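Everything quoted here is computed from the prediction, not taken from an experiment.
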There are 4 protein chains.
Amino acid sequence: MTSFDKLVALFREFPGIGPRQAKRFVFFLLSRDKEYITSLKNLIEELPKDVARCASCFRFFQKRAGALCTLCSDKNRSESELMVVATDTDLDTIEKSGGFKGRYFVLGGNIPLLPKKKAPPIIRLKELLTRVEKDSAAELKEIILALSANPDGEHTSDELRKALSPLASTHGFRISTLGRGLSTGSELEYADSETIKQALTHRG
Amino acid sequence: MTSFDKLVALFREFPGIGPRQAKRFVFFLLSRDKEYITSLKNLIEELPKDVARCASCFRFFQKRAGALCTLCSDKNRSESELMVVATDTDLDTIEKSGGFKGRYFVLGGNIPLLPKKKAPPIIRLKELLTRVEKDSAAELKEIILALSANPDGEHTSDELRKALSPLASTHGFRISTLGRGLSTGSELEYADSETIKQALTHRG
Amino acid sequence: MTSFDKLVALFREFPGIGPRQAKRFVFFLLSRDKEYITSLKNLIEELPKDVARCASCFRFFQKRAGALCTLCSDKNRSESELMVVATDTDLDTIEKSGGFKGRYFVLGGNIPLLPKKKAPPIIRLKELLTRVEKDSAAELKEIILALSANPDGEHTSDELRKALSPLASTHGFRISTLGRGLSTGSELEYADSETIKQALTHRG
Amino acid sequence: MTSFDKLVALFREFPGIGPRQAKRFVFFLLSRDKEYITSLKNLIEELPKDVARCASCFRFFQKRAGALCTLCSDKNRSESELMVVATDTDLDTIEKSGGFKGRYFVLGGNIPLLPKKKAPPIIRLKELLTRVEKDSAAELKEIILALSANPDGEHTSDELRKALSPLASTHGFRISTLGRGLSTGSELEYADSETIKQALTHRG
């Protein structure tokens, strides 16, 4: 295989990239000057050195003094609520909403309902249990399972609830999930029965 | 204008129908046999005679003995909850979900936030107030405003809440709206900030 | 079945209309005043009386003195080219382009490649052969098969070519089909191989 | 700016990549092992060394003995037809169709109709004229301008025709463009007027 084809193959592993776009990426690189190529290569090489996983929430963060990310070292965030999210991207979406001021834990992905063809994500369930055990000694009052409202997300919620329930009983924290209902912009006429039932249950 | 063009113009007023499809409808009618045309014509003529608006909830129903539709005459439905919906179609969607066993009121449409080019719907606000006044004497405990989660639906909710609040205070019923949150199938990563905040507020 | 449900069933036969939209059509009719309903009913009833099929090209036209439509009675259109189209709508699309000044023949639909669940269209193949036989005595020089570039359209083209070839040999007219190639707005990068080969063959 | 953000910025320059996907790419890289990162970095670095532009057609090709790509050194391809394409990707699409057995020239992009915000492509017009001048001495009979059927592609065609016309007169080759018409799968009913006129002109 030529280096061209090898690079196409690597780009095809990028999320959401098919064969045609992988090839366009390579042609794009060929069209760029030496400076761009050098920057790209250097940054790809440096990235793992500059970015670390937070020892507490496991999100990626630009390395700084200490093992904790800015969110985990922020004294103004509440210790009583811990939100479990699947990925760094989900954490970013929640942070951008400005609606949560507690702590996070990045699970690493969804626990898939059905085995996937691609390599499954590494799920940090054991690390979550350790973290919760430790937090519970302090002031943990609620774990919020913030997973997607799709089959994999619901399966992950179910599995986490099962795994966390014994700790919840022992330490007296509650386990909650994100509210379901009409999402912004949706018309009642086109809502599915499950969403309507949830919207009725969570009316307020 | 020819009868062909006149019929195209009438079909263009049908919901969701543009000029091209209106024309296809007329060609479709021309291709059908006498029997189909006669049935269609007769049913269109008979429809207003066979269908009546319920005197209580204002939905359309196939005429039967009495002025009330099957839902309003069903003794097994609770009198303590009244759900206000914009249209007959929304009512159908709710009924199909099987999640609600109270009474309905069909408002007639949304109260538009901005004036529309098309003729505005006839909003039965006065009829709603009369109905609520009467129900309140009995056992009304809650009015559920089941409007869409879009600007017009939210505006309608706001206006109804304003209009119903005095009655709510006097008669001691609560006014609720459908829960907002992640709708079935939605991925956290793509959720907007408002939906996330609502999903957090309504977590359970 | 109620008249409501019967009317929903008739609207579902309209081209491109599913169950939900059929129901919205009935609710729409219920919301309209007597005047609209009467106009609609009358026009549907009158349409077959006001519109006739042209005795020559078989398109529908608003009835007038004589058995021929405006296109077939237009002396300025060439008798030497006859374009066969599947439907009245296709004829309209061609006329709107302004690119053709010959005569038309409306076949009635495509000859389906595979049997369809729905009732097949009535194909006027015999009428086409009669028409061509008659025209050939005069000055017919070319038959243009203007069918869609999809499997059914191509199958129809093939079948018509087979049926017309003997007459073409006897009477000395040619049979052509619409040129294939890049359609307006299409990017070369996304073109399929067949389109590219045709675009190369028809380069000019 | 952190190395994370710098890398997001570089990925945003990739064709078709917005801010959200650029960020997902970086998270994706962070999730990959050292082996993948090293391969990617090395291939990006090596690519410009392994791939060269063909001295004749200017397409990229995996370096080999000589300055010509496999297509330009293939003795079985005709010297009488030269096809001008905008990009390497367009050339690939044509080759995959198997419909062309002549020579190519990769222009570098379209000559934009309107100035673009992004850096314009480098158009090898001078190189094209030099190439044509040289080929004309030999056996060039036709230049095929194989551009997209959109405004930029048409503008490029027009500009190239203008630039090449003097040489065409002097050396006696023709200039052609790809045929326009119905592309595979398109329905006549939805075809635009320009496509229909072209399909009529190129009927055969």
Side-chain angles (χ1 to χ4, degrees), chain A residues 1-11 13-18 20-53 59-64 87-93 106 108-109 119 121-122, chain D residues 1-11 13-18 20-53 59-64 87-93 106 108-109 119 121-122:
Chain A
M1 205 155 61
T2 63
S3 57
F4 187 100
D5 291 336
K6 278 182 203 159
L7 196 46
V8 170
L10 289 189
F11 280 138
E13 299 192 36
F14 274 45
I17 299 308
R20 195 194 291 264
Q21 209 174 358
K23 210 165 177 182
R24 293 181 77 186
F25 283 1
V26 181
F27 281 132
F28 163 77
L29 290 181
L30 283 165
S31 77
R32 298 306 307 249
D33 56 20
K34 208 179 153 64
E35 191 185 359
Y36 181 92
I37 297 298
T38 308
S39 301
L40 182 65
K41 178 203 71 123
N42 287 343
L43 283 166
I44 288 173
E45 194 169 14
E46 288 160 22
L47 184 72
K49 298 171 201 151
D50 284 2
V51 173
R53 267 195 208 284
R59 67 190 279 254
F60 291 111
F61 72 109
Q62 200 75 11
K63 268 183 199 159
R64 47 201 288 281
T87 65
D88 284 86
T89 314
D90 288 349
L91 189 152
D92 279 1
T93 305
V106 180
I122 293 153
Chain D
M1 205 156 60
T2 64
S3 57
F4 186 101
D5 291 335
K6 279 183 202 158
L7 196 46
V8 170
L10 289 189
F11 279 138
E13 298 192 36
F14 275 44
I17 298 307
R20 195 195 290 264
Q21 209 173 357
K23 209 165 176 182
R24 292 182 76 186
F25 283 2
V26 181
F27 281 131
F28 163 78
L29 291 182
L30 284 166
S31 77
R32 299 306 307 250
D33 57 19
K34 208 179 152 63
E35 192 185 359
Y36 180 93
I37 297 298
T38 309
S39 302
L40 183 64
K41 178 203 71 122
N42 287 342
L43 282 166
I44 288 174
E45 194 168 14
E46 287 159 22
L47 184 72
K49 297 172 201 150
D50 285 2
V51 173
R53 267 194 209 284
R59 68 189 277 256
F60 290 112
F61 72 109
Q62 200 74 13
K63 269 182 198 160
R64 47 200 289 281
T87 65
D88 284 86
T89 313
D90 288 349
L91 188 153
D92 279 1
T93 304
V106 180
I122 293 152

Portion of [X] that has a non-hydrogen atom of chain D nearer than 4.5 angstrom:
X: Phe4(A); result: both
X: Lys23(A); result: side chain
X: Asn42(A); result: neither

Original post:
Are the ring centres of Phe14(A) and Phe11(D) closer than 6.0 Å?
Top reply: yes
Flag the one option from [options] with the top tally of heavy-atom pairs under 4.5 Å to chain A.
options: Arg32(D), Glu45(D), Glu46(D), Arg24(D); result: Glu45(D)
options: Leu7(D), Leu30(D), Val26(D); result: Leu30(D)
options: Asp92(D), Asp5(D), Leu29(D); result: Asp92(D)
options: Val51(D), Ile37(D), Ile122(D), Thr2(D); result: Thr2(D)

**OP:** For residues Phe25(A) and Pro15(D), report the shortest heavy-atom separation together with the two atoms involved.
**Re:** CE1-O, 3.6 Å
Original post:
Which heavy atom in Ser3(A) sits nearest to a heavy atom in Asp50(D), and how many Å separate them?
Top reply: OG-OD2, 2.9 Å
**OP:** Give the intermediate values and the outcome of side chain to side chain contact (heavy atoms under 4.5 Å, CB included) for residues Phe27(D) and Thr89(A).
**Re:** CA-CA 8 Å; Phe27(D) 281 131; Thr89(A) 314; 3.5 Å; yes
**OP:** Examine distances only and state if a side-chain atom of Gln62(D) and a backbone atom of Met1(A) form a donor-acceptor pair shorter than 3.5 Å.
**Re:** no
Original post:
Could you go step by step and tell me if Gln21(D) and Ile17(A) meet the side chain to side chain contact (heavy atoms under 4.5 Å, CB included) rule?
Top reply: CA-CA 10 Å; Gln21(D) 209 173 357; Ile17(A) 299 308; 3.7 Å; yes
**OP:** State the CD1-CD1 distance between Ile44(A) and Ile44(D), to the nearest 0.5 angstrom.
**Re:** 3.5 Å
